[in-house]
*Asks:* 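Input: one structure, supplied below.
Hydrogens, waters and symmetry mates are skipped; everything else that's a heavy atom, side chains included, is used.
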Amino acid sequence: MIIDTIVTDMDGTLLAPGPKISDYTMRVMNECKRRGIRIIPASGRTRSSVRPYVEQLDTGMPYISCNGAEIVGADHQMLHQVVLDLDLQREIVEYMQNAGFYIQVYRDDCFYYAAECRHSQNYKKSSGMTGIAVGDLLSFLHFPTPKILTINDPDEVQRMLPIVNEKFAGRVEFTISEANFLEAEPVGACKGNALKRLAEMRGDIVPERTLAFGDSLNDMSLLAYTPNSVAMGNAREELKQAAAYVCRPNTEDGLARFVEEHVLAHMA
């Protein structure tokens, strides 16, 4: 396997539970960089939320955020962004509110939601972002956002996915990043398309020399970009069936072990 680019999801993939990058994974990533292998994070997180991990990895490469709605330069400046139409955002928010989902939208380094609850508190803790309760989210919403995150129990998220994809077909794409996260994205804004666009921008990223890792539905398009696709051992079953390889789970540094065994061990 001749690889010069590694593209990886973050939560549930590169990150161990916590979330954090383990010492072992950091050692392997540093060795990849030393040998000239590019590392490109591709996360559902927003630019500000993924930035600390990008800085820890010190890739010197652009990265993908908001499930592909954003391509961000190594200097953390936006290279490309797509957003949801404002009227469409309001339609989504109203529909998901009526369905009993918690909802939040994004702008710059903050996320906004109606009222404080366990979901907003947990998201603040896991993302490191500033969360602001605004009361009436529909009335407050006056700016474009790259994605809308809704949260509910995993069974309800799974039940609702085909319903909203049918209702908003051709206007919005919904995906699952965490078991209880149902996310609305602009049409075409997926990790795989963002990687294709980044490859066109740079001219040095090709599918045959790219290794891609993921664990959830929002990684499906990313894995479809390359024949060298790897689903984590903790991945959803749909992803395992679609991937060329399955590695150990993120709790066992599965990504780093796969890279060490299948890429680094075969380099001169």
*Asks:* Given side-chain hydrogen bond (donor to acceptor under 3.5 Å, both in side chains), test Thr25 with Ser22 step by step and report yes or no.
*Replies:* CA-CA 5 Å; Thr25 293; Ser22 73; 3.1 Å; yes

*Asks:* Drop me the distance from Met96's CE to Ile103's CD1, to the nearest 0.5 angstrom.
*Replies:*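 If we round to the nearest 0.5 Å, Met96:CE and Ile103:CD1 are 6.5 Å apart.
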
*Asks:* Might you point out which heavy atoms bring Ala231 and Leu239 nearest each other, and give the distance in Å?
*Replies:*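 That closest heavy-atom pairing would be CB-O, 3.8 Å.
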
*Asks:* Would you say that Val93 contacts Tyr95 through its side chain, given a criterion of any heavy-atom pair below 4.5 Å between the two side chains?
*Replies:*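 In short, these two side chains do not touch, never coming nearer than 4.5 Å.
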
*Asks:* Using the six-membered ring wherever Trp is involved, compare the ring planes of Tyr106 and Phe111 and label them parallel, tilted or perpendicular (cut-offs 30° and 60°).
*Replies:*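 Tilted: the ring planes of Tyr106 and Phe111 meet at 30° to 60°.
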
*Asks:* Show, in sequence, the C-alpha distance, side-chain angles and deciding distance for Ile37 and Asp4, and conclude whether the side-chain contact (heavy atoms from CB on, under 4.5 Å) test is met.
*Replies:* CA-CA 5 Å; Ile37 299 174; Asp4 60 20; 5.5 Å; no

*Asks:* Could you check whether the rings of Tyr102 and His119 sit parallel, tilted or perpendicular, using 30° and 60° as the cut-offs?
*Replies:*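 Aromatic pair Tyr102/His119 classed tilted.
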
*Asks:* Evaluate the side-chain proximity of Leu217 to Ser177: yes if any heavy-atom separation is below 4.5 Å, no if none is.
*Replies:*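 They are not in side-chain contact.
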
*Asks:* With a 4.5 Å cut-off on side-chain heavy atoms, are Val7 and Thr5 touching?
*Replies:*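 Answer yes - side chains close enough.
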
*Asks:* I want to check something: taking the side chain as every heavy atom from C-beta on, are Phe101 and Glu156 in contact at a cut-off of under 4.5 Å?
*Replies:*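 Result yes, sub-4.5 Å side-chain heavy-atom pair found.
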
*Asks:* Applying salt bridge (charged side-chain N to carboxylate O under 4.0 Å, His left out) to Glu31 and Arg34, what does each step give before you reach the verdict?
*Replies:* CA-CA 5 Å; Glu31 181 61 19; Arg34 190 185 73 80; 2.7 Å; yes

*Asks:* How long is the span from the CD1 atom in Ile151 to the CZ atom in Phe181, to the nearest 0.5 Å?
*Replies:*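 Ile151 CD1 to Phe181 CZ: 4.5 Å, rounded to 0.5 Å.
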
*Asks:* Return the minimal non-hydrogen interatomic distance between Ala184 and Leu84, and the atom names on each side.
*Replies:*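 In terms of heavy atoms, the two residues are closest at O-CD1, 3.9 Å.
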
*Asks:* Show the numbers, then the answer: is there a side-chain hydrogen bond (donor to acceptor under 3.5 Å, both in side chains) between Glu183 and Asn67?
*Replies:* CA-CA 9 Å; Glu183 305 194 32; Asn67 290 325; 2.9 Å; yes

*Asks:* Between Thr226 and Thr210 (side chain of the first, backbone of the second, donor and acceptor by atom type, cut-off under 3.5 Å), is there such a pair?
*Replies:*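 Judged by distance alone, yes, a pair lies under 3.5 Å.
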
*Asks:* Please check if the number of heavy atoms outside Asn98 that lie under 6.0 Å from its CG is greater than 12.
*Replies:*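 Yes, CG of Asn98 has more than 12 neighbouring heavy atoms, counting only those of other groups under 6.0 Å.
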
*Asks:* Should we say atom NZ of Lys20 is surrounded by more than 12 heavy atoms from elsewhere, each under 6.0 Å from it?
*Replies:*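 12 or below, so no.
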
*Asks:* Can you confirm whether Met201 sits close enough to Ile71 that some side-chain heavy atom of one is under 4.5 Å from a side-chain heavy atom of the other?
*Replies:*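 Side-chain contact under 4.5 Å: yes.
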
*Asks:* For the side chain of Lys240 and the backbone of Gly233, is there at least one donor-acceptor N/O pair under 3.5 Å apart?
*Replies:*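 Here the side-chain-to-backbone pair exists.
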
*Asks:* Which of these passes side chain to side chain donor-acceptor pair (under 3.5 Å) with Thr13: Asn234, Asp219, Asn250, Asp215?
*Replies:*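 Passing option: Asp215.
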
*Asks:* Are His266 and Met1 side-chain neighbours, meaning at least one heavy-atom pair lies under 4.5 Å?
*Replies:*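 No; the side chains remain at least 4.5 Å from each other.
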
*Asks:* What is the distance from atom CD1 of Ile40 to atom CD1 of Ile205, rounded to the nearest 0.5 Å?
*Replies:*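 Between atom CD1 of Ile40 and atom CD1 of Ile205 there are 3.5 Å.
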
*Asks:* Decide if atom NZ of Lys196 counts as having more than 12 heavy atoms of other residues, nucleotides or ligands within a radius under 6.0 Å.
*Replies:*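 Result for NZ/Lys196: open.
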
*Asks:* Quick check: closest heavy atoms across Lys147 and Thr145, and the distance to 0.1 Å?
*Replies:*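 Closest approach of Lys147 to Thr145: O-OG1, 3.1 Å.
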
*Asks:* With sequence neighbours left out, what residues match Tyr225 under ring-ring contact (aromatic ring centres under 6.0 Å, His included)?
*Replies:*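 Counting only residues at least two positions away or on another chain, Tyr225 forms no ring-ring contact (aromatic ring centres under 6.0 Å, His included).
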
*Asks:* Say you draw a straight line from CD1 of Ile92 to CD of Glu94; how long is it, rounded to the nearest 0.5 Å?
*Replies:*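 Answer rounded to 0.5 Å: 11.5 Å.
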
*Asks:* Determine, step by step, whether Arg202 and Leu198 satisfy the side-chain contact (heavy atoms from CB on, under 4.5 Å) criterion, reporting the C-alpha distance in whole Å, the side-chain angles of both residues, the deciding distance to 0.1 Å, and the verdict.
*Replies:* CA-CA 6 Å; Arg202 292 182 54 87; Leu198 180 57; 4.0 Å; yes

*Asks:* So, His262 versus Tyr245: side-chain donor-acceptor pair below 3.5 Å or not?
*Replies:*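 No donor-acceptor contact under 3.5 Å links the two side chains.
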
*Asks:* Do you know the tightest heavy-atom contact between Asp9 and Ser43?
*Replies:*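 Where Asp9 meets Ser43 most closely, the heavy atoms are OD1-CA, 4.4 Å.
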
*Asks:* Nearest 0.5 angstrom please: Met29 CE to Leu255 CG, how far?
*Replies:*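 One finds 5.0 Å between CE of Met29 and CG of Leu255.
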
*Asks:* So, the side chain of Ser229 versus the backbone of Ala243: is there a donor-acceptor pair under 3.5 Å, distance only?
*Replies:*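 Looks like no, no N/O pair under 3.5 Å.
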
*Asks:* Counting neighbours of CG on Asp155 that are heavy atoms of other residues, nucleotides or ligands and sit closer than 6.0 Å, is the number greater than 12?
*Replies:*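 Open: at most 12 neighbouring heavy atoms sit under 6.0 Å from CG of Asp155.
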
*Asks:* Mind checking whether Val54 and Leu15 sit in one hydrophobic cluster, side chains of I, L, V, M, F, W, Y counted as touching below 4.5 Å?
*Replies:*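 Val54 and Leu15: one cluster.
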
*Asks:* So which atom in Ala189 and which in Ala69 form the shortest heavy-atom distance, rounded to 0.1 Å?
*Replies:*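 In terms of heavy atoms, the two residues are closest at CB-CA, 4.0 Å.
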
*Asks:* In sequence, state the C-alpha distance, the side-chain angles, and the governing distance for Lys124 and Glu116, and then conclude on salt bridge (charged side-chain N to carboxylate O under 4.0 Å, His left out).
*Replies:* CA-CA 11 Å; Lys124 286 178 189 178; Glu116 292 292 350; 3.0 Å; yes

*Asks:* Is Glu166 atom CD crowded by more than 12 heavy atoms from other residues, nucleotides or ligands, each under 6.0 Å away?
*Replies:*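 No.
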
*Asks:* Indicate, with yes or no, if Leu137 and Val83 share a hydrophobic cluster defined by side-chain heavy-atom contacts under 4.5 Å among Ile, Leu, Val, Met, Phe, Trp and Tyr.
*Replies:*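 No, Val83 and Leu137 fall in different hydrophobic clusters.
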
*Asks:* Closest heavy-atom contact between Pro227 and Pro207?
*Replies:*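 Scanning both residues, the minimum pair turns out to be CD-O, 3.6 Å.
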
*Asks:* Same cluster or not: Val164 versus Met220, using hydrophobic residues (I, L, V, M, F, W, Y) connected whenever any side-chain heavy atoms lie under 4.5 Å apart?
*Replies:*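 Yes, Val164 and Met220 fall within the same hydrophobic cluster.
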
*Asks:* Apply the test side-chain contact (heavy atoms from CB on, under 4.5 Å) to residues Tyr24 and Val28: give CA-CA distance (whole Å), side-chain angles for both, the deciding distance (0.1 Å), then the verdict.
*Replies:* CA-CA 6 Å; Tyr24 170 68; Val28 173; 3.8 Å; yes

*Asks:* Under a 3.5 Å distance rule, please check whether Arg47 uses its side chain to pair with a backbone N or O of Val72 as donor and acceptor.
*Replies:*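 Between the backbone of Val72 and the side chain of Arg47 there is no qualifying donor-acceptor contact (under 3.5 Å).
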
*Asks:* With salt bridge (charged side-chain N to carboxylate O under 4.0 Å, His left out) as the criterion, how do Arg51 and Glu55 come out once you've worked through the C-alpha distance, each side chain's angles and the decisive distance to 0.1 Å?
*Replies:* CA-CA 6 Å; Arg51 178 171 177 167; Glu55 292 179 342; 2.8 Å; yes

*Asks:* Give the C-alpha distance, both sets of side-chain angles, the deciding distance and a yes or no for side-chain contact (heavy atoms from CB on, under 4.5 Å) between Asn152 and Arg159.
*Replies:* CA-CA 11 Å; Asn152 210 324; Arg159 184 190 73 83; over 6 Å; no

*Asks:* Check whether any side-chain heavy atom of Ile148 lies under 4.5 Å from a side-chain heavy atom of Gln89, and answer yes or no.
*Replies:*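 Yes, at least one pair of side-chain atoms sits under 4.5 Å.
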
*Asks:* Please identify each residue that fulfils ring-ring contact (aromatic ring centres under 6.0 Å, His included) with Phe140, with sequence neighbours left out.
*Replies:*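 For Phe140 the ring-ring contact (aromatic ring centres under 6.0 Å, His included) partners, ignoring immediate neighbours, are Tyr112, His142, Phe143.
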
*Asks:* Mind checking the CG-CZ spacing from Asp87 to Arg171? Nearest 0.5 Å is all I need.
*Replies:*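 Here the interatomic distance stands at 10.5 Å.
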
*Asks:* Does Val105 belong to the same Ile/Leu/Val/Met/Phe/Trp/Tyr cluster as Leu182, with side-chain heavy atoms less than 4.5 Å apart forming each link?
*Replies:*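 Yes: a chain of side-chain contacts under 4.5 Å links Val105 to Leu182.
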
*Asks:* Are Met129 and Arg45 close enough that some pair of their side-chain heavy atoms sits under 4.5 Å apart?
*Replies:*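 They are not in contact (no side-chain heavy atoms under 4.5 Å apart), so the answer is no.
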
*Asks:* When hydrophobic residues are tied together by side-chain contacts of less than 4.5 Å, even through go-betweens, does Ile6 share a cluster with Leu195?
*Replies:*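 As far as the 4.5 Å side-chain criterion goes, Leu195 and Ile6 are not connected within one cluster.
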
*Asks:* Take a 6.0 Å sphere around CZ of Arg197 and say whether it holds more than 12 heavy atoms from other residues, nucleotides or ligands.
*Replies:*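 Not buried by this count: 12 neighbours or fewer within 6.0 Å.
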
